[in-house]
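Any value given below was found using the heavy atoms of this structure, including those in side chains, with hydrogens, waters and symmetry copies removed. These figures come from a predicted structure and were not determined experimentally.
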Amino acid sequence: MQTTINLDEVLLNEAFQLTNLTNQEELINLALQELVRARRKKNLLDLAGQIRLAPDFDHKALRATRHVAD
């Protein structure tokens, strides 16, 4: 998808220096990926303490079976 946007040149140059990328498309895609990852992580952290597991749920047993399938 092609879009025309105005970007802060100082911020853009700093992002290029930090990533060693040379292409604006790659830089914008990386920025979007990191934004999505950060927001998903924040949303998960917001759920902390809100999820109640069944009293008989055995997380250690679940963890042990996860490696058997690999």
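- For the atom pair CG (L30) and CG (N23), the distance works out to 11.5 Å, reported to the nearest 0.5 Å.
- Expressed to the nearest 0.5 Å, how far CD of E14 lies from CD of E9 amounts to 14.0 Å.
- Between atom CD of residue E25 and atom CG of residue N29 there is a gap of 5.5 Å, rounded to the nearest 0.5 Å.
- The two residues F16 and L21 have their closest heavy-atom pair at CD2-O, 3.0 Å.
- The distance from atom CD1 of I28 to atom CG of L35, rounded to the nearest 0.5 Å, is 11.5 Å.
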Exercise. Checking side-chain contact (heavy atoms from CB on, under 4.5 Å) for the pair L12/L27: CA distance, chi angles, key distance, verdict?
Worked result: CA-CA 9 Å; L12 191 64; L27 183 65; 3.5 Å; yes

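- To the nearest 0.5 Å, the span separating OG1 on T19 from CD on E34 amounts to 9.0 Å.
- In plain terms, the two heavy atoms of I5 and L7 that are nearest each other are CD1-CD2, 3.4 Å.
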